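Report on the structure given below.
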Amino acid sequence: MDKVVSVFRSKTLKLHTTRSWDFLGLTLDETLVTPMEFTNGQDVVVGIFDTGVWPESESFQEKPGMRPIPSSWKGVCVEGEKFEPAKACNRKLIGARYYLKGFEQEYGPLNMSGNPEYRSARDFLGHGTHTASTAAGSMVKNASFFGIGQGTARGGAPWARVAVYKICWGINGIGSCTEADILAAFDDALHDGVHVISASFGATPPLSPFFSSSADIGSFHAMQLGITVVFSAGNDGPEPSLVQNVAPWSLCVAASTIDRSFPTEIVLDSNFTIMGQSIISKEIKGRLANAITYFVDGVCSLGNWNRKLATGRVVLCFYTPGLVYEIAQVAVKTAKGLGLIFAEPFTKPIADVDDDIPTLHVDINQGTIIGNYLAESLKLPVVQISPSKTIIGKSPAPTVVYFSSRGPSSISPDILKPDITAPGINILAAWPPQTPPTLQPSDDRLVRWNFQSGTSMSCPHVSGVGALLKSVHPGWSPAATRSAIMTTAYTRDASHDSILAGGSMAGSTPFDMGAGHINPLKAMDPGLIYDMKTSDYILFLCNTGYTQEQIERIVLPSSGVDTNCKNMHGPNANINYPSISVPNLRSPITIKRTVRNVGCGKKTTVYFGVAKEPDGVEVVIWPRVLIFSPSKLEKSYYVTLKPLKKSEGRYDFGEIVWSDGFHHVRSPLVVLVNNSDDFTI
C-alpha cells in the first residue's frame with residue numbers, strides 16, 4: 001500500500017458523445033507552405049481514455065516517413081480478444097491497454113451474450129475510435145458517410161503518436177467507465193510517457209469533491225508531471241451550472257458547430273418544397289401524416305401511441321416540453337412509420353445520423369407551414385425526401401450547441417468553466433466497420449466513417465491542438481498551454497457577429513463558451529501567457545475548504561510540494577488563471593495577475609491594457625502599460641473591480657485585453673454583484 005494516495009468508493013461515469021480542422025484553420029493547402037500540423041507532432045504521444053480502438057482503421061496506420069517510436073515511450077500494447085499487438089500496433093498506434101477490474105467489481109463479469117464487446121483494447125462502441133482519430137488520426141483521403149461529408153479525414157496532430165486506454169465498456173450500447181479503472185489508467189499513462197490526455201467522459205452534477213474524483217486526482221498528478229489533460233464539458237445544456245470536469249488544473253471543452261450543413265429537400269405532391277436538415281443517404285417516398293392520427297393529442301411518445309400503424313407514412317411531429325426527437329423516433333418506429341419530420345425550436349434543428357428511423361429536422365416555422373399544407377389537403381400528400389447534400393460556408397458558425405453543458409461551476413464558481421469551445425457537431429471520423437453507425441441491432445449498415453456529436457467530439461479537437469502546442473513549445477507547462485488556447489480564442493462568428501448560444505436566440509456568454517472558440521494557429525504564438533504552479537492549485541484547494549488530509553489525497557507526493565494550508569495565503573481571485581471570475585462582489589476588490597512574454601524575447605515589447613466593463617462594474621487596470629525586455633519577461637498587473645449598482649443573483653460579463661499591436665491577449669471577466677443588502681457607492 002506504499003503507493004496508494006487515497007481510497008474511495010468507485011463510481012461510474014458516462015461517455016459524452018473532415019471539415020472541422022479546415023474550419024479551425026489547419027488546412028491541407030500546401031501551395032504556399034507545408035501546413036504546420038504536418039511539420040510538428042512526431043515526438044508527442046496523445047493518450048485516449050475511452051472505449052478502445054479499431055486498430056485496422058486507416059487513421060491508425062503509420063505513414064511513410066514516420067520516425068521510430070520516441071525513446072521516452074515506456075508503454076505497451078496488451079494482448080487480448082481479437083487484439084494481437086504485433087499486428088495491431090505500429091509507429092502510429094504505439095500503446096493499447098484495457099481496464100476491467102473496476103467495471104467487473106461494479107457490474108459483475110463482462111456480459112458478452114447479446115452485448116457485443118471485446119475483452120481487449122479493441123473498440124466495439126466506436127466512441128474511442130472516433131475520438132482518437134479526431135485528435136491524432138493519420139490523413140486519409142476520400143472519407144465519407146455514404147458519400148455525405150466527403151473529404152480528407154485527419155486528426156489535429158496527424159503525425160502524433162496514439163496510445164489507447166480502454167476504460168469504458170458497453171452496457172446495452174451505452175459506455176460506462178468506473179472511477180477505479182480511470183485512476184488505474186492515469187497511473188499507467190503517466191508512467192508510459194504520454195504528453196496529452198484526451199478524456200471524453202464525466203458525471204452529471206451534483207459533482208463529487210475533487211479529493212474523491214479519480215478523474216480530478218489523476219489529472220492533478222498529470223499536471224504535476226507536465227501532462228495536459230483535456231476533458232469534455234458534458235451534454236446537459238442549456239440549463240446553467242451543469243458543467244462537468246471543472247478542476248482548474250485541466251481543460252474543460254464546450255461544443256459548437258462548424259460551417260457545414262446537410263440540407264435535405266422535402267417535396268410535397270411534387271409542387272411544394274421545403275428544406276430540412278438530416279443525414280440521409282437514400283431517397284424516401286411515402287405519404288405525409290399528422291401525428292394526431294397515431295398519438296393522443298399529437299404528442300409523439302410511446303405512451304401516447306393509440307396502436308394505429310403508420311405503415312408507409314412519414315409522420316409530422318412537433319416538439320413539446322420534455323419531448324425530444326429521440327422519443328419521437330422510438331414512437332414512430334414502433335408505429336411502423338416510414339420516417340419522421342420533427343419540428344422543434346429555431347435553435348435546435350441539427351442533422352443527425354438517424355438512430356431509429358430516418359428523421360428530418362425542421363424549425364417550428366417550417367413545421368407549421370408543412371402542417372398547414374397537410375390540413376388543407378383533401379388526401380394525404382405524397383412526400384418525397386431526397387438524399388442529404390453537403391454544404392459548406394452557408395450557415396452561421398460557430399454556434400454553441402444547445403446541449404453543451406453550461407457554467408458556472410457548481411462547486412468552484414470562482415474558476416470559469418468551461419474554458420473553451422470547439423467543434424462538436426456532426427464530426428466525421430473513423431468507426432469500427434463491424435459496428436452499426438447507430439449502434440442499433442436493427443441497423444445493418446457497415447461503415448468505416450461515422451458522424452458523431454457531443455462535447456465528446458469537441459474534447460479531442462482541443463487535445464489535438466494541445467499535441468501541436470507541445471511539439472512547438474515542449475517546455476510549456478499545462479497551464480501555459482491552457483493559457484495560450486484560452487487567450488487567443490475568438491468570440492465572433494464567420495459573419496463577425498457574436499457567437500450565438502444554442503437553445504436561445506441570444507449571443508453566447510463565457511458560461512456557454514468559456515474564453516471563446518479555439519484558434520489553433522493563434523495559440524501557437526499567444527504573445528503572453530498566464531502560468532501556474534502546483535502551489536497555486538494547492539492554494540485553491542485550501543481556499544475551497546479542504547483539510548490537509550483531503551488535499552494529500554489529490555496531490556502526488558514529491559519533494560518541495562507543501563500541502564499545509566497554514567503556509568498558503570491569498571484569495572482564489574488572485575490565482576493566476578487566464579480568466580477572472582468573481583461570484584460574490586459586494587465591495588471593491590483588487591485582483592492580481594502575472595503574465596510572461598513568450599513572443600519575441602530579443603527586443604523590448606510594450607503591451608497596452610484595455611478593459612470592457614461588465615454592466616454596473618467599474619474596472620481599473622494598473623499599470624495600463626506593461627514593458628517587457630529580454631531581462632524582464634514577467635510582469636504583474638492589478639485589476640480593481642468596484643460595484644456601481646445594487647444587484648443580486650445576476651452575472652455580468654466583460655473582458656481584459658493586452659495588445660502589442662500584433663498579439664491580442666484576451667481574458668474573460670465574469671462578475672456577480674451581490675450587494676442588495678448593503679449597497680453604497
Side-chain angles (χ1 to χ4, degrees), residues 5-9 11 13 179 182-183 186 202-224 229 231 233-234 240-252 405-419 477-479 482 486 510-511 514 530-558 561-586 589 591-593 641 651 668 670-672 674:
V5 175
S6 63
V7 177
F8 51 88
R9 177 171 173 77
K11 297 187 292 295
L13 283 70
E179 297 260 17
I182 292 168
L183 195 54
F186 266 109
T204 298
L207 301 179
S208 299
F210 297 120
F211 60 78
S212 64
S213 162
S214 62
D216 293 331
I217 294 171
S219 57
F220 196 101
H221 294 176
M223 174 276 300
Q224 289 182 265
V229 183
F231 286 108
S241 296
L242 295 179
V243 63
Q244 307 172 23
N245 297 313
V246 299
W249 46 86
S250 59
L251 267 159
C252 173
S405 292
R406 266 59 170 185
S409 165
S410 57
I411 58 173
S412 52
D414 40 9
I415 299 293
L416 175 64
K417 293 288 174 173
D419 293 302
S477 69
R482 179 181 59 232
M486 291 177 64
F511 289 149
Y530 296 83
D531 211 348
M532 295 178 69
K533 304 183 293 294
T534 299
S535 58
D536 296 313
Y537 299 112
I538 294 175
L539 171 61
F540 164 80
L541 296 172
C542 290
N543 290 337
T544 302
Y546 293 167
T547 65
Q548 184 171 353
E549 178 186 0
Q550 290 168 334
I551 293 172
E552 287 173 351
R553 297 186 200 176
I554 302 172
V555 179
L556 189 67
S558 57
V561 175
D562 187 358
T563 57
N564 189 338
C565 290
K566 293 180 180 179
N567 301 325
M568 302 289 166
H569 305 285
N572 276 352
N574 280 354
I575 292 174
N576 208 42
Y577 212 72
S579 57
I580 296 176
S581 183
V582 181
N584 187 24
L585 182 65
R586 304 182 69 89
I589 64 167
I591 296 167
K592 179 183 178 181
R593 285 291 186 271
L641 305 177
Y651 276 97
V670 178
V671 181
L672 188 151
N674 191 24

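These figures come from a predicted structure and were not determined experimentally.
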Backbone N/O of [Y] and side chain of [X]: donor-acceptor pair under 3.5 Å:
X: Asn245; Y: Ala233; answer: no
X: Asn574; Y: Lys592; answer: yes
X: Arg593; Y: Pro578; answer: no

With a cut-off of 3.5 Å and sequence neighbours excluded, list every side-chain donor-acceptor pair involving residues 534-542.
{"unit_1": "Asp536", "atom_1": "OD2", "unit_2": "Lys533", "atom_2": "N", "d": "2.7"}
{"unit_1": "Tyr537", "atom_1": "OH", "unit_2": "Arg482", "atom_2": "NH2", "d": "3.0"}

For Phe220 and Val555, what are the C-alpha separation, side-chain angles and deciding distance, and is it a side chain to side chain contact (heavy atoms under 4.5 Å, CB included)? CA-CA 7 Å; Phe220 196 101; Val555 179; 3.7 Å; yes

Out of curiosity, [X] [atom1] to [Y] [atom2], how far, rounded to the nearest 0.5 Å?
X: Thr544; Y: Gln550; atom1: OG1; atom2: CD; result: 10.5 Å
X: Ser250; Y: Met223; atom1: OG; atom2: CE; result: 9.5 Å
X: Phe511; Y: Ser405; atom1: CZ; atom2: OG; result: 14.0 Å
X: Ser579; Y: Asp414; atom1: OG; atom2: CG; result: 10.5 Å
X: Asp562; Y: Met568; atom1: CG; atom2: CE; result: 4.5 Å
X: Phe231; Y: Gln244; atom1: CZ; atom2: CD; result: 11.0 Å

Give the minimum heavy-atom separation between [X] and [Y], together with the two atoms involved.
X: Ala222; Y: Val229; answer: CB-CG2, 3.5 Å
X: Met532; Y: Asn576; answer: CG-O, 3.5 Å
X: Asn543; Y: Pro571; answer: ND2-C, 3.5 Å
X: Lys417; Y: Val246; answer: CE-O, 3.4 Å
X: Leu251; Y: Asp419; answer: CA-OD2, 3.5 Å
X: Val243; Y: Cys252; answer: CG2-SG, 3.7 Å

Residues in side chain to side chain donor-acceptor pair (under 3.5 Å) with [X], at least two apart?
X: Ser581; result: none
X: Thr204; result: Asp236
X: Asn564; result: none
X: Ser208; result: Lys11

Decide side chain to side chain contact (heavy atoms under 4.5 Å, CB included) for Ile415 and Asn572; before the verdict, give the C-alpha distance in whole Å, the side-chain angles of both, and the deciding distance to 0.1 Å. CA-CA 8 Å; Ile415 299 293; Asn572 276 352; 5.7 Å; no

Non-neighbouring partners of [X] that pass side chain to side chain contact (heavy atoms under 4.5 Å, CB included), sequence neighbours left out:
X: Asp216; answer: Phe210, Ser213, Ala247, Trp249
X: Pro209; answer: Phe211, Ser212, Tyr546
X: Ser410; answer: Pro205, Leu207

Taking only residues two or more places apart in sequence or in another chain, which ones pass salt bridge (Lys or Arg N to Asp or Glu O under 4.0 Å) with Asp531? Arg596

Do the side chains of Cys565 and Ile551 get nearer than 4.5 Å, heavy atoms only? yes

I want to check something: taking the side chain as every heavy atom from C-beta on, are Pro240 and Tyr651 in contact at a cut-off of under 4.5 Å? no

